[in-house]
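Numbers restart at 1 for each chain; the letters A, B, ... are given by sequence-line order, proteins then strands.
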There are 2 protein chains.
Amino acid sequence: MENNYSNYDLDNLDIQILSILMNDASIPYTEIAKKLIVSGGTIHVRMKKMEELGIIKGSNLIINPQKVGFDITAFLGIYLEKGSQYSDAVSQLKEIKEVVELHYCTGQYSIFAKIICRDTVHLRKVLNEDIQSVQGIQRTETIISLEESIKRQISLV
Amino acid sequence: MENNYSNYDLDNLDIQILSILMNDASIPYTEIAKKLIVSGGTIHVRMKKMEELGIIKGSNLIINPQKVGFDITAFLGIYLEKGSQYSDAVSQLKEIKEVVELHYCTGQYSIFAKIICRDTVHLRKVLNEDIQSVQGIQRTETIISLEESIKRQISLV
DNA sequence: GTTGAAAAGTGCTGCGA
DNA sequence: TCGCAGCACTTTTCAAC
């Protein structure tokens with residue numbers, strides 16, 4: 001695994017290419033090339049470089065979870081019995097497919113998770129059965145999202 | 001804007017196409033067609049249908065924020081003076097580029113936000129200057145992520 | 001709704017500057 | 001290191017099933 005950190009030597013062109021593709025990965029290289037006034041080959045070389053450096057981790061399709069029947073987003077603050085149980089708890093939480101994001105945190109919670117469920121019945125099942133059976137968890141606090149008003153990537157410029 | 005909700009009549013083929021592309025949007029239709037034993041044209045028709053229905057919201061390039069110099073992820077619980085100030089606060093928070101996710105919530109916080117910053121200096125500037133200048137905010141609680149252990153999409157199957 | 005193949009457009013590679 | 005041109009591949013379209 002490559003080391004994290006470091007800005008490398010991303011120049012302005014690299015940043016602009018990323019900025020465009022971060023919002024829509026389906027834009028063709030030739031169009032980006034026209035917009036930035038370089039050749040398509042240059043875009044290709046830059047992208048390849050950034051892929052090799054691990055700056056680009058891939059691409060994914062964004063779907064509307066509500067439209068495929070997943071209607072509830074919740075955040076879960078998790079208190080662990082002991083901090084040392086973190087990695088154990090994580091590997092158990094990874095098995096729960098509804099957990100889409102998980103952070104090791106400062107502050108009141110040891111672990112902070114984002115989960116997406118179909119409906120209230122589904123959420124209750126995940127909270128009461130799946131989460132509660134993870135060893136090392138003392139107790140949890142649930143915050144339910146009633147509306148996701150912003151969802152975007154960081155702005156590089 | 002199309003109405004949200006409803007499962008539509010996504011059949012098994014639609015679900016499987018989405019499942020593949022959600023993890024890697026660069027896989028060619030022809031390859032998906034081979035895997036699911038249908039023609040490339042069918043994949044194309046299904047994708048077009050799902051795009052028109054608003055199920056697919058686009059695609060994006062996943063970048064490693066640390067490698068482009070964004071090293072700190074934080075969650076922000078925001079208390080509003082009055083609940084009625086929500087939409088006003090949201091439009092002001094939208095202007096802060098470091099805010100990448102924002103939810104209207106139940107529970108102790110009115111608003112829950114995710115922000116990504118370059119370093120501690122940058123974070124302090126966002127918290128003390130940008131967030132504090134938003135009208136209607138009473139106080140905030142900050143949770144800093146020391147490690148993102150899981151980051152994925154929902155599993156449709 | 002699906003298929004298969006033709007047409008159009010894009011990505012990739014090597015040579016030259 | 002960058003740009004250009006040719007080849008391979010993909011997406012898109014469409015007539016036929």
Side-chain angles (χ1 to χ4, degrees), chain A residues 2-3 5-70 153 156-157, chain B residues 2-64 67-69 153 156-157:
Chain A
E2 343 85 351
N3 72 327
Y5 293 94
S6 53
N7 271 343
Y8 298 103
D9 40 347
L10 293 181
D11 64 14
N12 215 34
L13 182 59
D14 295 319
I15 299 288
Q16 294 201 1
I17 295 169
L18 288 180
S19 296
I20 292 171
L21 290 173
M22 272 165 57
N23 295 314
D24 185 350
S26 68
I27 295 176
Y29 287 5
T30 49
E31 198 175 314
I32 299 170
K34 256 189 289 178
K35 206 175 286 182
L36 302 180
I37 318 174
V38 289
S39 79
T42 302
I43 305 289
H44 184 253
V45 170
R46 298 304 189 97
M47 285 295 288
K48 204 175 163 189
K49 181 193 75 182
M50 292 192 285
E51 276 165 20
E52 282 166 0
L53 287 172
I55 293 167
I56 295 170
K57 291 169 76 180
S59 62
N60 60 20
L61 208 67
I62 310 161
I63 63 152
N64 186 335
Q66 290 181 340
K67 296 223 176 186
V68 289
F70 285 79
Q153 297 223 53
L156 298 179
V157 288
Chain B
E2 341 86 349
N3 71 327
N4 274 322
Y5 293 95
S6 52
N7 271 344
Y8 300 101
D9 40 347
L10 292 182
D11 64 13
N12 215 34
L13 181 59
D14 294 320
I15 299 289
Q16 293 201 3
I17 295 169
L18 288 180
S19 296
I20 292 171
L21 290 173
M22 270 165 58
N23 295 315
D24 186 351
S26 68
I27 296 175
Y29 287 3
T30 49
E31 198 175 314
I32 299 170
K34 257 189 288 178
K35 208 174 285 181
L36 302 180
I37 318 175
V38 289
S39 79
T42 301
I43 305 290
H44 184 251
V45 170
R46 298 302 190 99
M47 285 295 289
K48 205 174 162 191
K49 182 193 75 180
M50 292 192 284
E51 276 166 19
E52 281 164 1
L53 287 172
I55 292 167
I56 295 170
K57 291 170 75 180
S59 62
N60 59 21
L61 207 68
I62 310 162
I63 63 152
N64 187 336
K67 296 223 178 186
V68 289
Q153 298 223 55
L156 298 179
V157 288

In whole angstrom, give the distance that lies between atom [atom1] of [X] and atom [atom2] of [N].
X: B/L10; N: C/dG1; atom1: CG; atom2: P; value: 13 Å
X: B/M47; N: C/dT2; atom1: CE; atom2: C1'; value: 18 Å
X: A/I32; N: D/dG3; atom1: CD1; atom2: C1'; value: 17 Å
X: B/I43; N: C/dA5; atom1: CD1; atom2: C1'; value: 17 Å
X: B/I37; N: C/dG4; atom1: CD1; atom2: P; value: 13 Å

Can you check whether [X] reaches [Y] side chain to side chain, under 4.5 Å on heavy atoms?
X: B/L36; Y: B/I32; answer: yes
X: B/I56; Y: A/I62; answer: no
X: A/L10; Y: A/I55; answer: yes

A/N64 side, atom CG; A/F70 side, atom CZ - distance, nearest 0.5 Å: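 Taking CG in A/N64 and CZ in A/F70, the distance rounds to 12.5 Å.
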Please tabulate the protein-to-nucleotide N/O contacts below 3.5 Å involving nucleotides 8-11 of chain D, giving atom names and distances.
{"unit_1": "D/dT11", "atom_1": "OP1", "unit_2": "B/Y29", "atom_2": "N", "d": "3.4"}
{"unit_1": "D/dT11", "atom_1": "OP2", "unit_2": "B/Y29", "atom_2": "N", "d": "2.8"}

Whether over 12 other heavy atoms sit under 6.0 Å from A/K34 NZ: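 Incorrect, the count does not exceed 12.
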Shortest side-chain distance from B/V38, nucleotide among C/dG1, D/dG3, C/dT3: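 Of the candidates, C/dT3 comes closest.
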Nearest to side-chain heavy atoms of A/S39, which nucleotide of C/dT3, D/dC4, D/dT13: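 Nearest to the side-chain atoms of A/S39, counting from C-beta on, is D/dC4.
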D/dC2 phosphate, OP1 or OP2, under 4.0 Å from A/T42 side-chain N/O: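 No, A/T42 has no side-chain N/O under 4.0 Å of OP1/OP2 on D/dC2.
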D/dT1 phosphate, OP1 or OP2, under 4.0 Å from A/R46 side-chain N/O: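 False: A/R46 side-chain N/O out of range (4.0 Å or more) of D/dT1 OP1/OP2.
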Donor-acceptor contact below 3.5 Å, side chain A/D14 vs main chain A/D11: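 Yes, the answer is positive, given that a donor and an acceptor are paired below the 3.5 Å cut-off.
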